[in-house]
Amino acid sequence: MARKDRTGNRKPREQRSPIMIPELGYYLVVTDTEATERCYFQGLHKELPKEIQNKLVIKVVETKTRSMIDKCLAMTAYDAQYRIPWIVFDRDEVKDFDEIIKEAESFGIRVGWSNPCFEIWMHSYYGAMPAIMESWVCCSEFEKVFQRKTGQKYSKADSGLYEKIFRTGDEEKALQIAKQKYEQCIREGKTIPSQMCPCTTVYQLVGEIRKKVDVG
């Protein structure tokens, strides 16, 4: 659909501003949480080297769980040439967890899922991914580790969340631990995400971004 100018008339395609495509990619991260993933990924982008920040964009959008795929499809249809779509969400109490992942992948949308919750990924920054099955227990245990490591209380809405765990933890080790846990589940014959616990694929997204930063 053609865009309108200030008078309400549609601009001919040749008169529209050219789209500036980020050199290292434009990541669209759609999540169903109110704060945690947004704070994490916005913080990750903020901590990238200044010369990289304009080359690699990370846009975080929040919506309801069942709307994540539709939101991704709508936004990539509008800017398909430069968005790299991901949905990021937790098993938690989501009944259609496996179905959402399978459906997203069928549309070419990558999925950064966590089982039982996103905190299991952040746990790995501190050298372990403990065998925890319940989200509330995982959050509670992470709160203790976070406070011990940072000297501050954990808040899901902390805009400095990423900076704090990056500074006090080890991201390279986190990537290794998460990858090993994922591969361990596969070796054990657990290939359905809801059965893979503790486990997360968020490391794939973070690792991909980190590789581009190293190259860029």
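Since we're looking at a predicted model, the values are computed, not measured. Index from 1, following the sequence.
- Note that NZ of Lys164 is 7.5 Å distant from OG of Ser159, once rounded to the nearest 0.5 Å.
- Ion pairing between a basic and an acidic side chain is recognised when a charged N comes within 4.0 Å of a carboxylate O; Arg167 and Glu47 show no such pairing.
- Taking the six-membered ring where the residue is Trp, the centroids of Tyr126 and Phe146 are separated by 6.0 Å or more.
- No path of Ile, Leu, Val, Met, Phe, Trp and Tyr side chains, each step under 4.5 Å between heavy atoms, connects Ile192 with Phe97, placing them in separate hydrophobic clusters.
- Taken from CD1 in Ile165 to CH2 in Trp121, the straight-line distance is 8.0 Å, to the nearest 0.5 Å.
- A 4.5 Å side-chain heavy-atom check between Met196 and Trp113 finds at least one atom pair inside the cut-off.
- In this structure, a donor-acceptor pair under 3.5 Å is present between the side chains of Tyr162 and Glu171.
- In this structure, Phe107 is a member of the same hydrophobic cluster as Phe89, with clusters built from ILVMFWY side-chain heavy atoms closer than 4.5 Å.
- Ion pairing between a basic and an acidic side chain is recognised when a charged N comes within 4.0 Å of a carboxylate O; Lys144 and Glu141 show such pairing.
- A pairwise comparison of heavy atoms in Pro116 and Cys138 identifies CG-CB, 4.0 Å as the closest pair.
- Across Pro130 and Pro198, no two heavy atoms sit closer than the pair O-CG, 3.3 Å.
- Looking at heavy atoms from C-beta onward, Glu37 lies out of side-chain contact with Val60 at the 4.5 angstrom threshold.
- Cluster membership check: Val145 does not share its hydrophobic cluster with Trp136, using side-chain heavy-atom separations under 4.5 Å among Ile, Leu, Val, Met, Phe, Trp and Tyr.
- Side-chain atoms of Thr31 and Phe118, non-hydrogen and from C-beta on, never get closer than 4.5 Å to each other.
- Between Ile177 and His123, the closest side-chain pair of non-hydrogen atoms is not below 4.5 Å.
- For the atom pair CD1 (Ile87) and CG (Leu28), the distance works out to 11.0 Å, reported to the nearest 0.5 Å.
- Residue Met122 holds its CE atom at 3.5 Å from OH of Tyr154, rounded to the nearest 0.5 Å.
- Between the Gln53 side chain and the Leu48 main chain, a donor and an acceptor come within less than 3.5 Å of each other.
- Between the CD atom in Gln152 and the CG atom in Asp158 there is a gap of 7.0 Å [rounded to 0.5 Å].
- The 12-atom threshold is exceeded at CD of Glu188, counting heavy atoms of other residues, nucleotides or ligands nearer than 6.0 Å.
- With Ser140 contributing its side chain and Val137 its backbone, the two residues share no donor-acceptor pair below 3.5 Å.
- A salt bridge links Lys179 with Glu183: the closest approach of a Lys/Arg side-chain nitrogen to an acidic carboxylate oxygen falls below 4.0 angstrom.
- The main-chain N or O of Val94 is never found under 3.5 Å from a side-chain atom of Asp92 such that the two would form a donor-acceptor pair.
- Summarising the local packing, CG of Asp96 is surrounded by more than 12 heavy atoms from other residues, nucleotides or ligands at distances under 6.0 Å.
- A donor-acceptor pair is defined here as one N or O able to donate and one able to accept, closer than 3.5 Å; such a pair exists between the side chain of Lys212 and the backbone of Leu24.
- Within a 6.0 Å sphere centred on NZ of Lys71, other residues, nucleotides and ligands contribute 12 heavy atoms or fewer.
- Here the closest heavy-atom approach between residue Glu208 and residue Tyr27 is recorded as OE2-OH, 2.6 Å.
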Applying side-chain contact (heavy atoms from CB on, under 4.5 Å) to Phe41 and Val88, what does each step give before you reach the verdict?
CA-CA 10 Å; Phe41 284 106; Val88 176; 4.3 Å; yes
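- Counting only heavy atoms from C-beta outward, the side chains of Leu205 and Val29 approach each other to under 4.5 Å.
- A donor atom on one side chain and an acceptor atom on the other are not found under 3.5 Å apart for Gln204 and Tyr182.
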Check the pair Gln184, Lys190 against side-chain contact (heavy atoms from CB on, under 4.5 Å), reporting the backbone distance first and the verdict last.
CA-CA 9 Å; Gln184 179 184 339; Lys190 300 173 184 176; over 6 Å; no
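- More than 12 heavy-atom neighbours from other residues, nucleotides or ligands sit within 6.0 angstrom of CD on Glu99.
- The structure places CD of Gln180 at 11.0 Å from CG of Leu175, a figure rounded to the nearest 0.5 Å.
- There is no path of hydrophobic side-chain contacts, each under 4.5 Å, that joins Ile120 to Met133.
- Residues Glu62 and Thr33 approach most closely at CG-O, 3.3 Å, considering heavy atoms.
- Met129 and Ile186 fall into different hydrophobic clusters, where Ile, Leu, Val, Met, Phe, Trp and Tyr are joined by side-chain heavy atoms under 4.5 Å apart, directly or via other members.
- The two residues Val30 and Cys72 have their closest heavy-atom pair at CG2-SG, 3.6 Å.
- Counting only heavy atoms from C-beta outward, the side chains of Ser135 and Glu93 never approach each other to under 4.5 Å.
- Of the possible polar contacts, none joining the Asn115 side chain to the Arg91 backbone as a donor-acceptor pair under 3.5 Å is found.
- The backbone N or O of Leu56 lies less than 3.5 Å from a partner atom in the side chain of His45, making a donor-acceptor pair.
- Put simply, the side chain of Ser114 never gets that close to the backbone of Asp90: no donor and acceptor are under 3.5 Å apart.
- When all heavy atoms of Asp32 and Thr65 are compared, the closest pair comes out as OD2-OG1, 2.7 Å.
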